[in-house]
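Everything on this sheet refers to the single structure shown next.
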Amino acid sequence: MKTIKNIFFILVFSFIATSCNDGLDLLPTDKITADELFGDPAGTKLYLADLYNRLPIEELTYFPQQGFNFNAGGPNNGGFTSSMLTQFAHHSERNTFINGGQLNWWDDAFKLIRDVNLFIDIIPSLDISESERALYMGEASFIRGFAYFGLAKRYGGVPIILSPQEFNGDPESLKVPRNTEKETWDFVLSECDIAANSLGESNGRRASKWAALALKSRAALYAASVAKYGGNVGLTGEAVNLGLIGLPESVAADYYQVCINASNEIMENGPYSLYKPNPGSADEAAENLRSMFENPNLAPEEAILIKGRTIPGDNYGNNYDIWFGPAQKRNGWPHPGRYCPTLEFADLFENYSNPGADGKIVTTVDGDTENYNGFDPARQYIHYGNPVDFFADKDARLRATVVLPMSEWKGDIMIYQAGFIKPDGEPKIETNTSIKVGEQFYFTYGTENPDEHSGFDSHGGNMSKTGFGFKKFLSTDPVVPGWNRSYTDFAEFRYAEVLLNYAEAVVESDLGNATNAANALNATRRRAFHQTDIPLTIENVLRERTVELAFENKMIWDLMRRRTYHTTFNNTRKHALKPVLDLRGTPPYEYIFIRDRVRGNDPQTFDINEYYRNIPGIGLNGLVPNP
Amino acid sequence: MKKNVFSKEPKSKEIKKLVVFFTQLLFLVLLLNSQNALGQNKTITGKVVDGDNLPLPGALVMLENSTIGAVTDFDGVYSIDVAGTGSQALTFTFAGFLPKSVAITNQTTINVTLAVDIAALDEVVVVGYGTQKKESLTAAVAVIDSEEIQTTTNVSIAQKLAGKIAGVQIRQQSGQPGSFDNDINIRGFGAPIYVIDGIRRGGSSDFQQLNADDIESVSILKDAAAAIYGLGAANGVVLVTTKKGKQSKPSFNYSSVFSYVRPTDVPKMASAAQYTQMWNDTQLFIPGGSGTPYYSAEEIELWKSGAPGYEGTDWGELVLRKQSSSVQHNFSATGGTDKTNYFMSFGYVNEDGLLKSDDMGYRRYNLRSNITTQLAKNLKASVLISGRWDKNWQPGANFFNVFKGTRVSLPTENAYANNNQNYLAPVSSGLNPVAFMERDITGYSESKTRRFTSTFSLEYDAPFLDGLSFKAVAAYDADNFQSKSLTPTYDLYTYDDVNDTYDAMKQNDGTANIRNGNSNSDALTFQGFVNYDKTINDVHEIGATAVIEKNSWAQRRSDIQRYYAEFYTKDQLRFADVLGQESDGIEDESADFSYVGRFNYAYKGKYLLEVAGRYMGSFRYSPKNRYGFYPTASIGWRVSEEGFIKNNISWISNLKFRGSYGIAGMPEGGPFQYVQGYSLGSGDSYEFVEGELTEGISTPPPPNGNLSWMEATTKNIGVDIGLMQNRLNMTAEVYERLLDGIPARRSLALPNTYGGELPQENLNSEITQGMEFSISYRNMIGRDFKYDISGNFSYARTKRKYVEGEAFTNSNSRWRNQQSNRWNDVAWGYNNIGQFQSVDELRNAPLQNGDQSNVQRELPGDFQYEDWNNDGIVDGQDEQPLFYSGRPKMYYGFTLNLEYKGFYANMLLQGAANYTVRFREVYAEMFAFRGNTPAYFYDRWHKADPYDINSEWIPGKWPANRTIGDVGGLYKESSVWRRDASYLRMKTLEFGYNLKSDYLQKTLGISNLRVYVSGFNLYTWADEFVKPFDPEKIEGAYSAGFTYPVTKTYNFGVNINF
């Protein structure tokens, strides 16, 4: 008994004794200190990786509603891109038009600015050589300049914050008023200068002197356009009065000159040129361009800054292949075919036989391209045995950018058929039916099985509504039917854009060298197998911008900066080119094309207040709101 | 001796004998009923009274060693026929009194006085770190015992509790086998903590998977008394006590339940004929479109007539069973000697899923061994061990996608190419559920848990001071979770009628993968107790407890995934592609340390006082803020013990007023915020060089030493009333809980140009107020008919007090958006004022869809929303605070138990009210996925000639069919779509028979045999539109229509004691 009692007490007391060490001093399993991180350039690189990825690069994971890097697990947004807010593309099942919820980038922008400011504060204390310090400063300036560019084009003038703010308990002390739009643009340009002066050559993946100049060229052109055309729009309000939005027309020339100089520096002294500038045929040109967008690493001579993605997966890959590939190539993925390039887009491409003019697609003998009233038995339509022939004269970039009806893609013919004309002349268009003519069945959408055609069928929003499929950036490998499984790299700055920035700045300002500008305009055309140069006019430059930079998420900003959004969209509809099989007469039956409205597309009108985004959080930041 | 015969027989014979029961059952019933007819009459009558000479109605009078008995009437009088029974004595029993046996001699009258069983009145309740007499409780503690828990048959303990305890709010989310996602909430406070045999262990899912047969009782600490547990206890504590042995011969229990499981509701989807007509409407009504229906009139006729090739597919029928089954078996043994007591049990559960492929289910084994032994005089040891193994599995496509496939796949499509059952076909939804449900085709996902819990304790009664005892407890729990999923490639086929071939289309090409997940955790608890209990001069009752407690927990997780290259080989990681692989893993740990003290004092059993406190520290906060002291106090006054009642008003058996107040600490906010540091993987990745990915690190918020415990201040006032020998019991409580220091980031209130994140601070606050009431009454009618009725009701609502980061630029914005000082459950919406009846009405009405014209996207039959501010446009300005959202504010339950001789019945009705749900997608939007849509939308506004947009409108219940993209303001938040989800549910209805007979006892050693049939979730009264989702499902699950349906079950059970 005694011993048991003793044992018990020994147990209890030893237990209580061990308990007195409360054991609460655990260490986190997921943190390292600032010294550990920045003590090694490899660590600093980790910090920079995060900053670079947060740059406002509108690549393949950018969507106007959800913003940048929208590629976390299951990013189901329907695949609505910013081009679908322009007249050049339609979404297969949404008719959404521009609204206040889109194109915003505010909180994340100021987070990036704070984080880059923190880095700028740390640079002097790093144990590195002076030249390395200068490189870090240059990279930091590029990042900060790019961030302010992303803000300026959305909001106009914004608060310029040059060092990380300290919170001392009083939120009032953190309020910073908006700078004017002019100050903001000037700040972007001065950051570009610091970067261009500190940085050297590029590996195409990291900030360089040339990337800084390309950003400067783009930003200056934006500012110049706002100055030149801003007056066309009657925006009013306190923000206008204070110069927080808008620029005086008088400064337009200055900005055009900055654009010209920056572009010229790249053109004269940079190591860049166009990728495969002199193709042997239109087909070769089309394939050169298509492959360059599938993999911009093929073109180090043209790509000034690439945002790369080496592996698939959440937060890495993009979803262009699953959202936008033709329905026939969906490989089991339930939601393909969302991107529908419009007839307006296809019309824009020049015909080789008629350089320097829009190549409006003529479908009837009468040549009327303004009739959008559907099939009219009274009109005489042009017939094609192979519809692809219909586009033979078109600028090669059209086929590089879109899938043409009945053209080949990944080894199969992509069927975009909207209907047929019955032997008795009754049209069956955009309705699901079939007819037996002779021994043969014909289906309105080309085939009976919806997995074997890609156009117009209304189920699931998987089919093009315009007669064209999307091709640019798509992989030629089979679609991997999962989220974020595509890993196409994206060239944010291309030499082609610099050329066209230069051409636009010269033609708009009468500054610079007009000959060089005309050469710049025609260089990208020659790369597309155009054999005849066209004169330097603003129409030619803008057409060339659209066809060359199509769907690179830049078209919407051209509408914004040039203030042509409200004139383009004034109760405006988008249009389709509907291939229809004509079963009148005798076989072999041939296709006709009908210029028509896009089904499900309402007329759209741009509200001028959308030229500037609304600043969020006015209640707390005390900023003057945009109209 | 007969009893032992049974246990000595070989196992197979035992089972045979079990089977024999069922065949003998009918015979036995007949035998028992005929007994009274035998022999001559000899009747004994008498009266049973208590110590105060008051009659005891409902007392049981039995002939010793027989099953013949009688019950006293309202005046305590009984009459019993003893002739021919050979019985030597009568036994008298009545709840709360000591039983008494009186020998039968020649007398014909036997009057008996029963003495109060002091021990029974001392009914003991498990409370924080100890037990307490029920009568001296001063806190809001609800207790439910094993018998009451078992009246409901369900695999989850949560459902066995639902509706039975005031203030315990339980919602079912699905009936998926092995999901255990019932939401358990006490008083609207949030997730409670679970304390099982004195140790805080496991979460809601572990609690729900306890073997109900192992549970002795469950106590729910609802008010500040819970604070003694600290660490999350401010949301309430669920205390589970498992069964322990008693000194007795071994007794065994075997129980078994077989159940049929059916969905409570699965709405019919449109048939092919309905679908084709409705889809035509969607095409006709495309705004600005060409207005061409998709299917021709001839084709629709074919679908209507079901001509060959036009039979249509009912996907639900192809894939879902009408019912699935589940089975439960439990075996337990309990007993003990004067030194050692034991309870041991083994339980088995198997549930099948609703898929016709049989590739879904859940299986569980529970094991428990509770042994207590006297090691030496004054020294007692106990070892409580339990184990659980459970596994659930489903097809690789997951039930969600299979079910979605049955909902949205078109009825005009076929599961098989060319109707050849060897070739599964692709369907336009991309979800062929016939393929998806097959494990052999789309793979599988399964998870397994192995859980071991153990508690070792030593208790020492100090011989040198009466009432002083010590206890040391060590508990070790281990948890191992393994998951595996396989997504192989497989082929679907299209039929090529020209060549009569089947063309394969490879699925999951490039994404086929296999994944293994592992997580292991260990939890350790040490507790040291000093207890002192003493009654001085029969007047002062003193109880004191001091505890030191230390908890620690550590977990290691890993997750490995490999993709298959072109060819799927085998479902093993090793055989997938080495190049395509992903892996992840992390370790986590936590620790806390506390001193706990409690002091109870009662004066003459009338005036009660309890004070308690917990001084505790958590690893999560900085050393300077990691400790906090949290006290509680409660008082009670047993008015019924006062002379003026006790001596004067005999029908008041219990009247107690009580009140409590306390502050509890809650560990909230992310851990280690006091440590400055950059988190690996916190930033985005970037490719500085082609082909080389750099994972980034982002700036962390500054370190924060100030974050500390969130504090809950709880007040409770209650009254307990017992009338007529406690036949009628009532309890009412009102309470309030203030939650202060809810972590929030001050950066929310900073200008959004600051760009930084500030650490969490204890900033926000909210207050919850509520009341609850329960009442029960039990009595008898005549001699044999016993009944009890009880009901409970609770109501609680929460108001936010302070919310960080609110700022408004104008009063309208403040009115619309302010959260602070407002109820947390207000949903804003538009006021539905009917349906448009004509185009004219539409044209003249306020614009329904912002500034867009009514003509484009609104149609007659659409719901009209009120233009509240009369500006001609229905937009955000017209939203009104119309609805309750969030949790139900009101819960109630009603129980009825009836017993007649051996027969019994019980019923439980449970309901909730004062909340709404907004469901979306498949059942709440037409053509939500551009696939099939529910059949009820067929009753719609449509055109007299479906091919002529200019023909007249035919009204219907629902608006004209359009796809989501083609409607205007139709789906605005309003009473059309956000529905009152109040419901009342027949949770349980059970009929059974308890057979106690000498014959069984003597021949088979069976002391009781119970058979029963019961149903669970048998019927629901709720809004018809809410039923397809089920009103208990929680809003916000974005695809509530595709998760596993809530189910009802029909059970057949048997329970044998021997």
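Only this structure's heavy atoms are used, side chains among them; waters, hydrogens and symmetry mates stay out. Protein chains get the first letters and strands the later ones, always in sequence-line order, with residue 1 at the start of each.
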Within this structure, what is the CG-OG distance for the pair A/Leu26 and B/Ser590, rounded to the nearest 0.5 Å?
7.5 Å

Student check: side-chain heavy atoms of A/Gln165 and B/Leu750 closer than 4.5 Å:
no

Does any backbone or side-chain atom of B/Glu298 lie under 4.5 Å from a heavy atom of chain A? Answer side chain, backbone, both or neither.
neither

Within this structure, what is the CG-CE distance for the pair A/Asp451 and B/Met505, rounded to the nearest 0.5 Å?
4.0 Å

Criterion side chain to side chain contact (heavy atoms under 4.5 Å, CB included) on A/Asp489 and B/Glu690, from CA distance to verdict:
CA-CA 9 Å; A/Asp489 293 347; B/Glu690 155 79 332; 3.3 Å; yes

Is there a donor-acceptor pair closer than 3.5 Å between any side-chain N or O of A/Thr431 and the backbone N or O of B/Tyr294?
yes

Nearest heavy-atom approach of A/Arg54 to B/Ser698 is NH1-OG, 3.7 Å

Contact part of B/Ser552 toward chain A, heavy-atom cut-off under 4.5 Å: side chain, backbone, both or neither?
neither

Side chain to side chain contact (heavy atoms under 4.5 Å, CB included), that's the test. Do A/Leu46 and B/Glu695 meet it? Break it down for me.
CA-CA 6 Å; A/Leu46 303 190; B/Glu695 291 279 359; 5.8 Å; no

Evaluate the side chain to side chain contact (heavy atoms under 4.5 Å, CB included) criterion for residues A/Thr33 and B/Gln676: first the C-alpha distance (whole Å), next the side-chain angles of each, then the deciding distance (0.1 Å), finally the verdict.
CA-CA 7 Å; A/Thr33 65; B/Gln676 161 88 62; 5.7 Å; no

Turns out that what part of A/Lys428 lies under 4.5 Å from chain B's heavy atoms comes down to neither

Among the options A/Asn297, A/Ile618, A/Thr433, pick out the one with the most heavy-atom pairs lying under 4.5 Å from chain B.
A/Asn297

Heavy-atom cut-off 4.5 Å, strictly under: side chain, backbone, both or neither for B/Val498 against chain A?
neither

Non-hydrogen atoms of chain A under 4.5 Å away: do they reach the side chain of B/Ile586, the backbone, both or neither?
side chain

Heavy-atom distances under 4.5 Å only: say whether B/Ser618 touches chain A with side chain, backbone, both or neither.
backbone

Compare every heavy atom of A/Arg114 with every heavy atom of B/Gly755, then report the nearest pair and how far apart it is.
C-CD, 3.4 Å

By ring pair (Phe, Tyr, Trp, His ring centres under 6.0 Å), A/Tyr316 pairs with (sequence neighbours left out) none

Using a distance-only test with no angle check, is there a side-chain donor-acceptor pair under 3.5 angstrom linking A/Tyr47 and B/Thr699?
yes

The interface call for B/Glu589 against chain A, heavy-atom contacts under 4.5 Å, is both

Counting heavy-atom pairs under 4.5 Å with chain B, the top scorer among A/Pro159, A/Pro171, A/Ala327, A/Pro603 is A/Pro171

Picking from A/Gly43, A/Pro478, A/Pro481, A/Gly619, which has the most non-hydrogen pairs under 4.5 angstrom with chain B?
A/Pro481

Do B/Arg626 and A/Asp25 sit within salt-bridge range, that is, some charged N less than 4.0 Å from a carboxylate O?
yes

Write down the atom of B/Glu687, the atom of A/Gly308, and the distance for their closest heavy-atom approach.
OE1-C, 2.9 Å

Under the 3.5 angstrom rule, does the side chain of A/Asp50 hit a backbone N or O of B/Asp684 as a donor-acceptor pair?
yes

Between OG on residue B/Ser685 and CD1 on residue A/Ile311, distance to nearest 0.5 Å
7.0 Å

Under 6.0 Å from the ring centre and within 45 degrees of the ring axis: does the NZ or CZ of A/Arg206 meet both conditions for the six-membered ring of B/Phe688?
yes

Contact part of B/Asn752 toward chain A, heavy-atom cut-off under 4.5 Å: side chain, backbone, both or neither?
both

B/Ala591 and A/Gly23 have their tightest heavy-atom pair at CB-O, 3.5 Å

Which atoms of A/Glu452 are under 4.5 Å from chain B, going by heavy atoms: the side chain, the backbone, both sets, or neither?
side chain

Chain B contact via A/Leu27 - side chain, backbone, both or neither, heavy atoms under 4.5 Å
backbone

Among all residues two or more places apart in sequence or in another chain, which pass the side-chain hydrogen bond (donor to acceptor under 3.5 Å, both in side chains) test with A/Glu166?
none

Around A/Tyr487, counting heavy atoms of other residues, nucleotides and ligands shown, do more than 12 lie under 6.0 Å from its OH?
no

Taking the side chain as C-beta and beyond, is there a heavy-atom pair between A/Leu37 and B/Ile697 under 4.5 Å?
yes

Engaged part of A/Leu174 at the chain B interface, taking heavy atoms whose separation is under 4.5 Å:
both

What is the distance from atom OG1 of B/Thr753 to atom NZ of A/Lys111, rounded to the nearest 0.5 Å?
12.5 Å

B/Val689 vs A/Asn203, test: side chain to side chain contact (heavy atoms under 4.5 Å, CB included). Steps then yes/no.
CA-CA 8 Å; B/Val689 175; A/Asn203 72 347; 4.1 Å; yes

Quick one: what part of B/Gln507 sits under 4.5 Å from any heavy atom of chain A, side chain, backbone, both or neither?
side chain

Is the cationic atom of B/Arg746 (NZ for Lys, CZ for Arg) positioned less than 6.0 Å from the six-membered ring centroid of A/Phe167 and within 45 degrees of its normal?
no

Does a sphere of radius 6.0 Å around CD in A/Glu448 hold more than 12 heavy atoms from other residues, nucleotides or ligands, not counting ones at 6.0 Å or beyond?
no

The interface call for A/Pro616 against chain B, heavy-atom contacts under 4.5 Å, is both

A/Arg94 versus chain B, the contacting section by heavy-atom distance below 4.5 Å
neither

So what's closer than 4.5 Å to chain A heavy atoms on B/Ile964: side chain, backbone, both or neither?
neither

A side-chain contact here means heavy atoms from C-beta on lying under 4.5 Å apart; do B/Tyr621 and A/Leu24 qualify?
no

What I'd like to find out is whether the side chain of B/Ile286 reaches to under 4.5 Å of the side chain of A/Arg599, using heavy atoms alone.
yes

With chain B, which of A/Asp30, A/Ile32, A/Thr29 has the greatest number of heavy-atom pairs at distances under 4.5 Å?
A/Ile32

Which atoms form the tightest heavy-atom contact between B/Gly430 and A/Pro334, and what is the distance?
CA-CB, 4.5 Å

Please determine whether the number of non-hydrogen atoms from other residues, nucleotides or ligands lying under 6.0 Å from atom NZ of B/Lys506 exceeds 12.
yes

Rounded to the nearest 0.5 Å, what separates atom OH in B/Tyr686 from atom CZ in A/Arg205?
7.5 Å

Region of A/Leu118 that comes under 4.5 Å of a non-hydrogen atom in chain B:
side chain

Applying a strict 4.5 Å limit to non-hydrogen atoms, the region of A/Arg309 in contact with chain B is both

Counting only heavy atoms closer than 4.5 Å, note whether B/Leu758 contacts chain A via side chain, backbone, both or neither.
side chain

To the nearest 0.5 Å, what is the distance between OG1 (B/Thr694) and NZ (A/Lys45)?
4.0 Å

Applying a strict 4.5 Å limit to non-hydrogen atoms, the region of A/Phe441 in contact with chain B is neither

When you measure from the side chain of A/Lys31 to the backbone of B/Val675, do you find a donor-acceptor pair of N or O atoms at a distance under 3.5 Å?
yes

Using heavy-atom distances under 4.5 Å, tell me whether B/Asn280 contacts chain A through its side chain, its backbone, both, or neither.
neither

